[in-house]
Amino acid sequence: MNRPHAASDLVRDLERARDLARELAEVRGRMVSVSGGTRTDPEYVRARDLVLRLMLDRARRRADDLDRALRRIFDRLIRIGYVGLTDDLHAARRVVRDIGGALAELRARHLDIDRDLEAAGVRPGLRLGDVGVVGKCERVTELVAVLEGARAGLVYTGADAPVRLRRAAVAAGLLGLAVRLLPPEHRGRFVEEHAASLAIAECRREWIAYLAALLAAMPAIAWSRRREDRRRKGG
Amino acid sequence: MAALAPGPGKMTVPTLQLLDVLLAEPRRDDWFAFELCRRTGLGSGTVTQVLFRLESWGWLESHWEDAAHAFSQRRPRRRFYRLTGDGERAAGELIRRRFPGRLGLEARGAYP
């Protein structure tokens with residue numbers, strides 16, 4: 001299940017994703033600078049739109065790269081079963097926080113940037129609405145939840161450690177996938193809470209029964225969480 | 001889940017079962033999901049739903065176990081639940097009113 005240096009590879013992938021998020025933010029920031037000014041002569045507008053089109057293409061490519069990088073990180077986490085991450089987990093969590101910060105900043109500026117582009121007379125097709133930043137922000141939240149599960153699986157030592165680690169890895173992987181049904185803010189707590197519960201199952205049968213019942217109830221759990229969130233927000 | 005009657009929200013038989021267990025030791029502040037499954041015989045999905053519902057009503061509070069303590073026992077930290085004062089009063093009253101004599105059955109081993 002595990003292979004040497006898997007944890008270092010994970011941190012490297014995370015750093016790559018963080019760099020892509022930052023680069024995406026820079027490209028979008030520069031698009032606003034390019035669109036600034038009030039000149040309306042057709043030659044200027046044509047040149048500006050050409051530059052914006054090139055920059056938007058670049059932003060789209062970076063957003064796609066970031067998406068692929070995040071998917072690769074999930075795959076790697078599940079494949080290595082979180083085992084052997086002990087030393088690198090703190091580094092990994094730090095980088096995930098950095099990615100989250102970069103994407104949150106992007107999301108916060110999203111509307112402002114598009115408003116500025118609109119005010120500058122930039123055509124809708126050259127604005128930023130379609131590079132999918134919001135979805136990527138949610139993917140980072142999922143990543144944090146999966147890493148919480150990973151942390152829950154890392155504390156086992158002793159004679160039965162291999163069995164418990166293997167179970168924790170399977171549980172964290174399944175819970176990490178299942179929590180995608182939940183609103184992002186509930187995911188981290190959910191994975192960690194139930195990974196801890198599964199850790200005390202005394203036998204395989206009890207472990208399977210707990211996990212299976214939880215997974216079967218996930219749609220109902222997700223529905224009630226979303227309904228409660230809507231109620232709290234007054235929706 | 002069969003609904004019995006309207007409460008602060010959905011009041012189901014599993015909710016009453018769980019409340020009965022909690023009321024057997026109302027001052028206890030370290031209940032966790034797996035133990036409640038064992039004590040009530042309910043499935044993990046049901047217990048998770050009920051805990052969430054009771055917490056959203058303000059009848060339960062939850063907090064994380066101290067991580068250092070959990071680590072010293074070589075296990076992940078748990079999410080602990082406890083009845084709030086309001087929860088204890090409301091749940092006790094509810095069960096006394098609807099099911100006279102039922103309170104504390106769990107403590108006497110009435111549930112699996």
Side-chain angles (χ1 to χ4, degrees), chain A residues 82 86 148-161 164-165 167-168 171-172 175 178-179 182-183 186 188-202 206-232, chain B residues 1-3 7-15 17-18 21 29-82 112:
Chain A
Y82 314 140
T86 313
E148 290 294 343
R151 188 178 68 166
L154 289 174
V155 294
Y156 300 111
T157 54
D160 60 349
R164 287 185 171 269
L165 271 171
R167 281 188 187 166
L175 289 173
V179 291
L182 296 179
H186 293 285
R189 169 180 160 177
F190 189 91
V191 171
E192 192 166 4
E193 178 174 1
H194 293 291
S197 277
L198 285 160
I200 56 170
E202 282 174 357
E206 194 174 36
W207 185 86
I208 290 171
Y210 188 95
L211 187 57
L214 195 61
L215 294 176
M218 278 310 291
I221 291 170
W223 181 78
S224 63
R225 298 291 195 275
R226 289 183 190 282
R227 190 181 58 166
E228 179 63 17
D229 286 355
R230 273 199 303 275
R231 190 186 64 78
R232 282 191 181 148
Chain B
M1 285 190 236
K10 190 178 182 185
M11 185 58 66
T12 60
V13 171
T15 305
Q17 264 179 280
L18 201 77
V21 171
D29 65 357
D30 62 350
W31 293 105
F32 55 98
F34 199 96
E35 187 187 15
L36 289 166
C37 291
R38 281 179 174 162
R39 294 281 289 266
T40 58
L42 297 169
S44 54
T46 304
V47 166
T48 301
Q49 287 276 62
V50 173
L51 288 174
F52 176 73
R53 195 177 305 141
L54 293 174
E55 203 174 359
S56 67
W57 293 350
W59 289 21
L60 284 184
E61 284 174 345
S62 66
H63 63 277
W64 287 112
E65 181 184 21
D66 176 56
H69 178 255
F71 197 87
S72 70
Q73 298 191 355
R74 295 176 176 175
R75 57 170 175 74
R77 63 179 181 160
R78 295 170 182 161
R79 185 82 183 174
F80 286 149
Y81 294 85
R82 72 171 193 87

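Below, all heavy atoms of this structure are taken into account, side chains as well, without hydrogens, waters or symmetry copies. Note on naming: letters A, B, ... go to the chains in the order of the sequence lines (proteins, then strands), and numbering restarts at 1 for each one.
- Taking each heavy atom of Arg231(A) and Ser56(B) in turn, the nearest pair found is NH2-O, 4.4 Å.
- Smallest separation of non-hydrogen atoms from Ala217(A) and Gly45(B): CB-CA, 3.5 Å.
- Once rounded to the nearest 0.5 Å, the distance linking OG of Ser62(B) with CZ of Arg189(A) reads 4.0 Å.
- Once rounded to the nearest 0.5 Å, the distance linking CH2 of Trp64(B) with CD of Glu193(A) reads 5.5 Å.
- Within the 4.5 angstrom heavy-atom criterion, only side-chain atoms of Glu228(A), from C-beta onward, approach chain B.
- Here CD of Gln49(B) is found 9.0 Å from CH2 of Trp223(A). Values are rounded to the nearest 0.5 Å.
- Taking both residues in full, the closest heavy atoms of Tyr210(A) and Cys37(B) are given as CE1-SG, 3.8 Å, listed atom of the first, atom of the second, then distance.
- Between Phe52(B) and His186(A), the two ring planes are perpendicular [angle over 60°; tilted spans 30° to 60°].
- In terms of heavy atoms, Arg38(B) sits closest to Ile200(A) at NH2-O, 3.4 Å.
- Of the listed residues (Met218(A), His194(A), Glu206(A)), the greatest number of heavy-atom pairs within a distance under 4.5 Å of chain B belongs to Glu206(A).
- Contacts between Ala220(A) and chain B at a heavy-atom distance below 4.5 Å involve backbone atoms as well as side-chain atoms.
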